[in-house]
Asks: 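There's a structure below that I have some questions on.
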Amino acid sequence: MDVSTKHIEHWYVIFRPTTLKHWIFRWLNPHFQHCYAVKESPGGEFWIVVDAKNSFTQVRMLSKMDYPHIRLLEPDSVILSIRAIINPDNYRYTLCLFNCVEVVKSVLGIRAFWCWTPYQLYKRLHHG
């Protein structure tokens, strides 16, 4: 009998506009300028938030007593519920643009070299 090393994780990916001023944002879909990943902690008491900022990656835990529903984290954002199949045997691409999309792809175990913008990631997750 083969033992699979794959496991399934439930994540939410949140897409939203940004308040940062940078020339690149003129070329991005205005509703999909930033993305980050959120999942429930074991036991369900917290939200674990993985958010690649412009100068660092922030990992934090938010109490579900303060935010009982995922929609309360970002009320005006697009939120996708994702069932990620994590395969530890897959290798990530070593050459990439290190941005919020790459961090979310890494968390979800996605290998999609040409997926660089939040809107491209949204389309891949929503329609893929």
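Position 1 is the first residue of the sequence; numbering continues from there.
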Asks: Passes side chain to side chain contact (heavy atoms under 4.5 Å, CB included), Phe98 versus Thr57? Steps please.
Replies: CA-CA 11 Å; Phe98 189 75; Thr57 300; 4.2 Å; yes
Asks: Which residues, ordered by chain and number, are linked to Val38 in its hydrophobic cluster, where ILVMFWY side chains connect at heavy-atom gaps below 4.5 Å, directly or through other members?
Replies: Tyr12, Ile14, Tyr36, Trp47, Val49, Leu62, Tyr67, Ile70, Leu72, Leu73, Ile79
Asks: Using every non-hydrogen atom in the two residues, find where Cys100 and Ala52 come nearest and quote the distance to one decimal.
Replies: CA-CB, 3.8 Å
Asks: What are the two closest non-hydrogen atoms of Cys35 and Val13, and how far apart are they?
Replies: CB-CG1, 4.4 Å
Asks: Taking atom CG of Asn87 and atom CD1 of Ile110, what is their separation to the nearest 0.5 Å?
Replies: 13.0 Å
Asks: I'd like to check Lys64 versus Glu40 (side-chain heavy atoms, cut-off strictly below 4.5 Å). Are they in contact?
Replies: yes
Asks: Ignoring hydrogens, what is the shortest heavy-atom contact between Lys39 and His10? Give both atom names and the distance.
Replies: CB-O, 3.3 Å
Asks: Between Ala37 and Val107, which heavy-atom pair has the shortest distance, and what is it?
Replies: CB-CG1, 4.2 Å
Asks: Taking atom CG as the centre, does Asp66 end up with more than 12 heavy-atom neighbours from other residues, nucleotides or ligands that are less than 6.0 angstrom away?
Replies: yes
Asks: Do the non-hydrogen side-chain atoms of Trp11 and Leu125 ever get within less than 4.5 Å of each other?
Replies: no
Asks: Measure from the side-chain N and O atoms of Lys105 to the backbone N and O of Ala112, and report whether any donor-acceptor pair falls under 3.5 Å.
Replies: yes
Asks: Which atoms form the tightest heavy-atom contact between Arg16 and Ser77, and what is the distance?
Replies: CB-OG, 3.3 Å
Asks: Classify the ring geometry between Tyr122 and His127 as parallel (under 30°), tilted (30 to 60°) or perpendicular (over 60°).
Replies: perpendicular
Asks: Which atom names give the shortest non-hydrogen contact between Arg111 and Arg124, and what distance separates them?
Replies: O-NH2, 4.1 Å
Asks: Could you walk me through whether Phe32 and Leu121 pass the side chain to side chain contact (heavy atoms under 4.5 Å, CB included) test, one step at a time?
Replies: CA-CA 9 Å; Phe32 295 87; Leu121 180 61; over 6 Å; no
Asks: Is it true that, when you exclude His69 itself, more than 12 heavy atoms of the residues, nucleotides or ligands shown sit nearer than 6.0 Å to its NE2?
Replies: no
